A.B. asks: 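Sharing a structure here in structure tokens format.
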Amino acid sequence: MDILQFVIERFNYWIFTVLMMVGLYTVIARGNLVKKIIGLNIFQTSVFIYYISIGKVSGGTAPIFTTEHQKELKKHEHHGDAHHGDGHQVPTHQDGGHQDTAHQDGSHQGDAHDSADPMTMDLHAGDLHAGDANTSATLTRAGEHHGVSTPDLHDGDANALHAPANDALVSQGGDHGGDHGGEIATKATEFIEPLYSNPLPHVLILTAIVVGVATTAVGLALAVRIREAYGTIEEDELETADNVAEFGVADPRQQQDGGQGAGRLNPGGAQ
Amino acid sequence: MRDEHLILRIMMKVLFAPIILFALYVQFHGDYGPGGGFQAGVIFAVAFILHGLIHGVDATRIALPQKVLSIMMVVGLMFYAGTGVLTMLLGGNLLGYDVIDPESTHHAGQHYGILLVEFGVGLTVAATMITIFYHFAGREPEIRDEDW
Amino acid sequence: MSLIEQLPVLPIIIPLVAAPFCLIIPNGRIAYFYAIAISALTFLSCIGLLHGVAAGGTISYYLGDWAPPLGIEYRIDLANALVLTLISGVAALVIPASYPSIAAEANPKQIPLFYGAMLICMLGLLGVTITGDAFNVFVFLEISSLATYALVALGGRADRRALTASFNYLVMGTLGATFFVIGLGLLYQATGTLNMADIRVQLLENGTNRMVEAGYAFIIIGMGLKAAMFPMHLWLPNAYTYAPSAVSAFIAAASTKVAVYVLIRFTFSVVGADFDFVSAMLSYVLMPLALAGMFFASLVAVFQTDVKRMLAYSSVGQIGYMLLGISLGTEAGLQASIIHIFNHGLMKAALFLSVACVMLRLGVHTVDGFNGLAKRMPFTAAAFIFAGLSLVGVPLTVGFVSKWYLLQAAFEADRAWIAFLIVASSLIAVVYVGRIIELILLREPPEDGPLFRDVDGNPVREAPMVMLVPMWILVLANVYFGLRTDVTADLAGRAAASLIGGQ
């Protein structure tokens, strides 16, 4: 039963591994260039799934700032914008009461102060005072709590680590985030709050998807050009065509004395 | 050609404007919710790709020539890089949006900055997507239909 | 705002702002002068950075004013300042030399795009080097790789095999980058941060576990693919051979070096060589592969009939030397490795440029084209000979400096047998370089036949001045840094010390 549990608890890694192997196998085993690109895509997608799954907090929703919370914010007399500092790709910030996100803000303040960069400090000091007393309290606590070297990400991560599906990881980050985790748990009851998944992997994967799309486009464009130049996109046929152009035979191993004179422009008469 | 695919052509006409509108919504709502330049750019491009699928790539090329797309790409990237350079000129670090509106108590500069950058991203992505479509769809077909 | 404060971001922002305009520049020649100006500016800002780092220590720059470890940090220490200078310097020399060659080899309409892609490729390589954020490395790496795929495929007009070479490079490169991302994901999961310095802090604080080890292994494999570490080098010979000559010169000098730099960075200052699994990886995986690469690739190079392909195999062998230096795991080894990264960039750029000159005049890059070259194109021939001797490691050239420090490092690590193998593999380099030098000096140019006249049917002339001057600057740099060893050795030594010292 333990084994079964071991397997089931890590189902996201199994999916990742299987998809990754399917993709890798396709890239290596298939001779058709378009199929190779499909394989590459499957391979990349498996990595995307892996990243998204490590950012998932059990019970957490997508890190999206919804209008209901905005209304709540106004009830709590918060500045909606005050916490928007985390940059565009991470619209995670809720009012200070929301434990995990406030924590992220808070630790960031702590870092900004501790890293003793006056410019950064000023900037974020503005952020700090913009919130109400409630927020500031959290911020200070979080600030104290974190040393210079403890980035806010650890909190998001600590959450992720506490998710049952990821409990294998507690050994590392768990104790690191454990104390915060406890704090989060107690504080969480005081506020009406949605629990958010860690947004950072989403952001990373958004970037990786764009890179993947670009790679696919370039790969397909090359496949089109190869089809035009050779009339085929099967790897073995391409090799045969090259060998015929260079050595005059399909398999150069049969005729060892070829090779001279090759490499002159346009051996295959390709355009 | 005119009389063929009547339903498709009408549906395209009906759908074209809402798709663009949706793209703009995703574009400018990206500051608060899901969305942003990448998604909006692709949706924007979808409208033109739909046009190209139904009326043929040549017709779309007349409506939105490749030259315009190249300029769109450059302008989009300039919005992005330009915002970065602007923040540098204003005394901040690259893309340190807060210097755009230093008086603000709630980081209004972050909003302006990200709107500009996302707009640039949207333009570039849309232009790039349509360009990719043009180049793939616009090549001379040298595979005959029966070969497929 | 002062320019000095913004200096760290200039090598990225200058080409980033400039490259898109190549899309709308109508004329290849305008794009050429434009690209020269941009690459020169970038080079100047890199020199400024190197100077600033050498004088004032590590420079850190916070993108968007977000302090690390939350924000992205550009962190320039001596190690990456040296690599930055190498990349931008090679770009600033190859781009001026590229016009005659690329005009002959590529579609004239594509020349502005070629320069745009060159600038983006340079930007990506600089970005990989400059950033202190692990995920940023991946993004910049893919920016440069995508540009490189397009650049290699430009050779498809002259030889259609460039297309398949580029495709294979794309498949292998993407696999490598994706492996790298998996590794990063594991490191991120274990440490909760993506800032390189912070990953190190977290690992020292919490120790490692199997996840970190797996992540490091993925990173080694991914970067090994990108760096053409033996036996993952199969994409490289074709890509270098069939790419346009100017592109070969640039990517041979710059792109694999950057992957080796990332390997160094992750081995020594992100994960840290003081962990057992890292030193095990170095001595039981990296070192055998490095040695095998040195011998195997050099041996294969001896039998090539195509000079570009020969140089490509030699590059795989030279990567072996760099990895060997890393795999010793000592400061001296690392120093030798960094010196060789720099020096090998100089010599390979010069060699590939001289092949580009031959290609321009004779339209071939096979050994036949080099028959009696000394009589037909004396300056090109002399440049090839000097750079070739540097590749072998003859005293008074940079190649000797690299080998000398590598030998010293091997003796210092009590591994005399490695020193013996280094010398033995250098002898193979004597064979393959000597073969070409013999053709150049001792053979008579063909009296008749296809290579008697140049591609236009005229008597063969010396290559144009715009190609000779950058090539000779590189050759002279080979000699200069071979004599003034204190410059590179001192900088590399300090870089190695700061890398090994951890923080």
Side-chain angles (χ1 to χ4, degrees), chain A residues 20 24 27 33 36-37 40 43-44 47 50-51 54 86-87 108 111-112 115 117 119-120 123 149 151-154 156-158 160 169 171-173 175-177 200-201 204 207-208 211 214-215 218-219 221-223 225-226 229-230 238 242 259-268 270-271, chain C residues 62 64-71 135 138-139 142-143 145-146 149-150 153 156-161 163-164 166-167 170-171 173-175 177-178 181-182 184-185 188-195 198 201-202 205-209 211-212 241 305-306 308-309 363-366 368 450 455:
Chain A
M20 179 181 140
L24 209 52
V27 173
L33 301 189
K36 273 182 191 287
I37 297 208
L40 267 187
F43 182 48
Q44 288 182 320
V47 181
Y50 163 65
Y51 265 73
I54 62 173
D86 222 6
H108 181 215
D111 286 340
S115 59
D117 177 337
M119 183 164 55
T120 336
L123 279 171
S149 60
D152 67 326
L153 301 176
H154 294 239
D157 227 45
L169 323 171
S171 59
Q172 254 324 297
D175 46 353
H176 191 66
L200 190 75
L204 300 181
T207 318
V211 170
T215 313
V218 174
L222 281 172
R225 287 282 282 115
I226 290 172
Y230 285 83
L238 292 174
D242 277 345
Q260 292 298 321
R264 181 100 197 182
L265 273 181
N266 229 353
Q271 267 314 311
Chain C
Y62 303 160
D65 288 327
W66 292 103
L70 181 74
F135 200 79
F138 163 71
V139 175
E142 282 308 88
I143 290 176
S145 297
L146 284 167
Y149 309 145
R157 180 165 172 266
D159 188 332
R160 63 180 180 175
R161 280 172 293 184
L163 300 171
T164 42
S166 172
F167 189 88
L170 179 130
V171 170
T174 309
L175 284 183
T178 313
V181 176
I182 297 173
L184 284 187
Y188 170 63
Q189 203 175 357
T191 61
T193 175
L194 285 169
N195 182 283
D198 197 43
V201 171
Q202 298 299 331
E205 214 167 274
N206 299 318
T208 64
N209 59 10
M211 205 155 56
V212 179
T241 310
T305 52
D306 185 317
K308 270 170 106 177
R309 187 181 289 271
V364 292
H365 40 75
T366 52
D368 303 340
V455 277

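Each chain gets a letter, A, B and so on, in the order the sequences are listed, and its residues count up from 1. Please read all numbers here as calculations on a predicted model, not as lab measurements.
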A.B. asks: For a quick test of reading the model, state the closest non-hydrogen atom pair linking C/Ala153 to A/Leu222 and the distance between them.
C.D. replies: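 Minimum heavy-atom separation between C/Ala153 and A/Leu222: CB-CD2, 3.5 Å.
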A.B. asks: Which answer fits A/Val47, side chain, backbone, both or neither, if we ask what part of it has an atom under 4.5 Å from a heavy atom of chain C?
C.D. replies: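 Interface part for A/Val47: side chain.
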A.B. asks: Working to the nearest 0.5 angstrom, can you tell me the gap between A/Leu33 CG and C/Thr164 OG1?
C.D. replies: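 Answer for the CG-OG1 pair, A/Leu33 versus C/Thr164, is 8.5 Å.
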A.B. asks: Please look at A/Ala208 and chain C and tell me whether the side chain, the backbone, both or neither of the residue comes under 4.5 angstrom of a heavy atom of that chain.
C.D. replies: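 Contact with chain C involves both backbone and side-chain atoms of A/Ala208.
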A.B. asks: Name the region of A/Ile226, side chain, backbone, both or neither, that has any atom closer than 4.5 Å to a heavy atom of chain C.
C.D. replies: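 Answer is both: backbone and side chain atoms of A/Ile226 are under 4.5 Å from chain C.
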A.B. asks: Under the rule for ring-ring contact (aromatic ring centres under 6.0 Å, His included), what residues qualify as partners of A/Tyr230, not counting sequence neighbours?
C.D. replies: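 Counting only residues at least two positions away or on another chain, A/Tyr230 forms no ring-ring contact (aromatic ring centres under 6.0 Å, His included).
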A.B. asks: Which one of C/Leu163, C/Val139, C/Leu175 has the most heavy-atom pairs closer than 4.5 Å to chain A?
C.D. replies: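 Among the listed options, the one with the most contacts to chain A is C/Leu163.
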A.B. asks: Does any heavy atom of chain C fall under 4.5 Å from the side chain of A/Leu24, the backbone, both, or neither of them?
C.D. replies: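 Side chain of A/Leu24 only, per the 4.5 Å heavy-atom cut-off to chain C.
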A.B. asks: Atom OG1 in A/Thr207, atom CD in C/Glu142: separation rounded to 0.5 Å?
C.D. replies: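 Going from OG1 on A/Thr207 over to CD on C/Glu142, the span is 12.5 Å.
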A.B. asks: With distance as the sole test, does A/Tyr51 use its side chain to make a donor-acceptor pair with the main-chain N or O of C/Gly185 at under 3.5 Å?
C.D. replies: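 Yes, because the side chain of A/Tyr51 sits within donor-acceptor range (under 3.5 Å) of the backbone of C/Gly185.
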A.B. asks: Contact between C/Leu194 and A/Leu200 at the side-chain level, heavy atoms closer than 4.5 Å - yes or no?
C.D. replies: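 With C-beta onward as the side chain, the pair touches.
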A.B. asks: Which one, C/Asn195, C/Leu184, C/Thr241, C/Thr178, leads in non-hydrogen pairs under 4.5 Å with chain A?
C.D. replies: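 It is C/Thr178.
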A.B. asks: Please look at C/Phe167 and chain A and tell me whether the side chain, the backbone, both or neither of the residue comes under 4.5 angstrom of a heavy atom of that chain.
C.D. replies: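 Both the backbone and the side chain of C/Phe167 come within 4.5 Å of chain A.
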A.B. asks: Is it the backbone or the side chain of C/Ile143 that comes under 4.5 Å from a heavy atom of chain A, or both, or neither?
C.D. replies: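 The answer is neither part of C/Ile143.
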A.B. asks: Contact between A/Leu204 and C/Phe138 at the side-chain level, heavy atoms closer than 4.5 Å - yes or no?
C.D. replies: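 Contact flag for A/Leu204/C/Phe138 side chains = no.
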